[in-house]
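For clarity, every value in this text was computed on a predicted model and none was experimentally measured. In the text below, chain A, chain B and the rest are named by the order of the sequence lines, each starting its count at 1.
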Amino acid sequence: MPEFLKDIKRTHDCGALRGGDVGATVVLFGWVASRRDHGGCVFIDLRDRGGITQVVFEPQTSAEAHALSSELRSEFCVGVRGVVRSRGERKNPNLPTGEIEVHCTDLAVFSRSDTPPFEIGDDANANESIRLKHRALDLRRPSLQKNFLLRSQIYQTARRVLTAHKFLEIETPFLVKYTPGGARNFLVPSRLSPGQFYALAESPQLFKQLFMVAGFDRYFQIVRCFRDEDLRQDRQPEFTQIDLEMSFVVEEDVQTVVEALIVGLWKDVLGIDVVTPFSRLAYKDAMSLYGSDKPDLRFGLPLCDVTEVVRKHDGGGVEMLRQALSAKGAGEAPVVKGWRLPAAEAAKLSNVEIDKLEEFVKGLGARGLARARIGAGGAWTRSPMKAMREAMRNDLNAAAGLQEGDVFFLQFGAPKLAHTVLGALRLHVANKIGIVPAGQWKFAWVTEFPLFERGDDGKLVASHHPFTSPMAEDLERLESDPASVRARAYDLVLNGNEIAGGSIRIHRGDVQSRVFRAIGLSDEDARQKFGFLLDAFRHGPPPHGGIAAGLDRLAMLLCGADSLRDVIAFPKTQKGTDLCTDAPSAVTNKQLDELHIALVGLDSK
RNA sequence: GGGGUGGUAGUUAAGUUGGUUAUAACGCCGGCCUGUCACGCCGGAGGCCGCGGGUUCAAGUCCCGUCCACCCCGCCA
């Protein structure tokens with residue numbers, strides 16, 4: 001008596017059979033996706049990762065299999081042997097296997113299933129927390145299976161392209177020395193060194209620079225990174241990067257490799273030919289035009305700067321504008337930014353909807369949303385700035401190119417907030433009125449980032465990281481005007497998402513010292529924190545640079561997924577918990593004692 | 001740290017100015033059915049209305065607190 005698995009081996013997956021297979025005896029393994037019991041004749045849809053095949057049980061084919069089939073329920077795991085038959089006129093055009101069906105001669109029930117907590121089909125829209133709790137079942141859904149098949153292809157393509165470019169794949173530690181600054185680290189207590197901690201690596205940054213000193217010349221790694229920061233739709237506490245570093249290069253060399261990687265991915269995964277080189281956009285232009293350092297370039301509608309117009313008219317009779325520009329603070333000079341929504345698009349927004357946008361921007365931290373609909377002769381209607389003198393209004397109309405029917409939005413004050421608000425408004429409105437074209441891939445390099453930014457205390461901190469090289473032409477201002485110094489850093493942006501970021505590093509000791517000094521890091525401090533890197537750099541470090549691409553975000557975009565959680569097998573919730581395994585969890589006092597850790601300051605419940 | 005949305009049957013949702021026994025669809029269970037593929041027909045079971053307090057004659061509904069999930073700002077060198 002032949003047995004399933006041992007003697008009866010799988011011959012096809014459930015997506016493989018076609019009309020040409022009619023007459024063949026086949027063996028399929030999979031799960032019952034649905035059952036249609038007609039009494040004398042039972043149909044099941046059998047599902048595995050390859051697809052779905054209809055299996056038919058009839059007494060005349062096998063009385064035994066037919067009898068057993070009435071016990072089948074959703075998600076039973078079964079094996080089927082049978083004969084492929086044509087469905088003739090009754091074919092199902094919705095299935096790739098719809099031309100055929102398998103008439104079952106032998107049925108094995110490998111395991112039964114409780115009633116699933118949610119339906120497994122793609123159209124099922126169960127609450128995400130329930131899906132995450134039963135993640136193995138959730139991952140059975142064809143749409144998620146497709147995502148992970150695609151993600152697997154990303155690994156293969158990345159390795160193929162980078163290996164072809166002479167990169168070595170080398171691993172770096174996860175348990176690393178804690179380095180302050182930047183993202184919060186997860187800490188791991190050391191049992192063997194009581195009271196001391198490792199950090200989980202937030203990136204392999206320093207190690208890959210050591211690889212360059214070592215002379216590996218080109219390194220890459222598909223590597224997990226850990227950051228203990230608040231989560232977003234496109235941010236998980238552990239995530240995967242395609243990380244690389246190259247010696248003897250300038251910006252374009254790194255960018256060219258990444259472009260080749262992107263070309264390979266889009267070709268292999270989507271069959272799409274991406275055109276290179278990608279366009280370049282300076283950071284200050286990205287911020288000024290789109291209010292974002294990761295602009296969505298699939299549509300236009302840029303912001304405009306009307307600071308000088310308002311300054312010329314000293315507020316033009318609008319007190320809040322005058323005050324906004326006269327405010328003095330430690331931060332950057334205040335600005336007045338506008339966003340023109342042309343009449344054709346503005347017509348899609350009712351006055352009520354425009355009023356509602358004020359609530360939207362207040363949620364982003366704006367005080368309000370100054371706005372106007374442009375009427376005949378350039379008049380501003382429905383505007384809270386009724387006091388505006390006509391002279392300034394006319395200048396604003398000219399500066400922003402305003403025409404009848406347009407809607408004009410204004411933000412003023414600190415540039416960072418004004419840009420955040422108008423940049424977000426631009427995206428929000430574009431999505432709302434449906435002008436973001438689907439199926440477009442707008443890649444761009446954002447370059448010339450500032451080397452430093454102001455921390456909360458007004459002190460300078462490195463924007464990228466303190467090993468990022470300043471631009472040569474700005475080097476002379478490192479001491480006199482550090483805030484104006486630009487970095488040799490670059491981000492790759494796609495449709496409003498940052499998908500990679502990197503820089504050319506500092507390889508000269510004198511420049512490194514000057515950068516440390518600019519951020520208030522003494523030689524001793526630097527030695528304490530990064531001594532191992534600085535030591536290595538005393539022995540002939542090559543000029544080098546690199547980049548890291550967010551593999552999860554790439555997968556999300558390539559899959560067309562809405563969330564990182566749909567391309568990560570076991571993602572964390574927004575609070576960083578894993579609903580499937582219930583991590584994190586409490587540990588015993590014995591475990592804590594061994595690590596010399598005491599818990600304090602917790603509310604006892 | 002801040003703002004917002006949501007939580008009602010296994011699942012997805014409805015539930016009016018607070019007022020009889022909390023609805024529906026899908027799923028589930030039983031029966032019938034040999035061409036379904038969202039199978040169909042008949043019958044049935046299934047509820048801590050997230051949790052805790054309060055107001056009230058009366059709370060799914062109003063108030064306060066809290067937990068969880070999601071979206072955003074801050075944060076993410």
Mark yes or no for a side-chain to base donor-acceptor pair under 3.5 Å between A:Glu101 and B:G35, with no hydrogen or angle criteria applied.
yes
With a 4.0 Å cut-off on N to O distance, would you call A:Arg235 and A:Asp230 a salt bridge?
no
Stacking of A:His38 on B:C39 base (centres under 5.5 Å, planes under 30°)
yes
Remember a base hit wins even if backbone is also touched, and classify A:Thr577 as base, sugar-phosphate or nothing at under 4.0 Å, heavy atoms.
sugar-phosphate
Verify whether the ring centers belonging to A:Phe226 and A:Phe174 lie closer than 6.0 Å.
yes
For A:Lys416, which contact category applies under a 4.0 Å heavy-atom criterion: base, sugar-phosphate, or nothing?
sugar-phosphate
Sub-4.0 Å heavy-atom contacts from residues 221-233 of chain A onto RNA chain B, ordered by number:
A:Arg227, A:Glu229, A:Asp230, A:Arg232, A:Gln233
Over all strands shown, is A:Glu128 touching base, sugar-phosphate only, or nothing at heavy-atom distances under 4.0 angstrom?
sugar-phosphate
Can you say whether a donor on the side chain of A:Arg36 sits under 3.5 Å from an acceptor on the base of B:C33, or the other way round?
no
Rounding to an integer number of Å, can you tell me how far A:Asp37 CG sits from B:G35 C1'?
13 Å
Check whether the side chain of A:Arg87 and the base of B:U36 form a donor-acceptor pair under 3.5 Å.
yes
Over 60° means perpendicular and under 30° means parallel, so tell me whether A:Phe530 and A:Phe516 are parallel, tilted or perpendicular.
parallel
Ignoring backbone atoms, establish whether A:Lys362 has a side-chain N or O less than 4.0 Å from OP1 or OP2 of B:G2.
no
Does A:Ile130 reach a base, just sugar-phosphate, or nothing at all? Heavy atoms under 4.0 Å.
sugar-phosphate
In whole Å, I'd like the distance from the CD atom of A:Gln60 to the P atom of B:G35.
11 Å
Distance-only donor-acceptor test, A:Glu119 side-chain atoms vs B:U12 base atoms, 3.5 Å
no
Provide, to the nearest angstrom, the distance between the CD1 atom belonging to A:Ile44 and the C1' atom belonging to B:A38.
18 Å
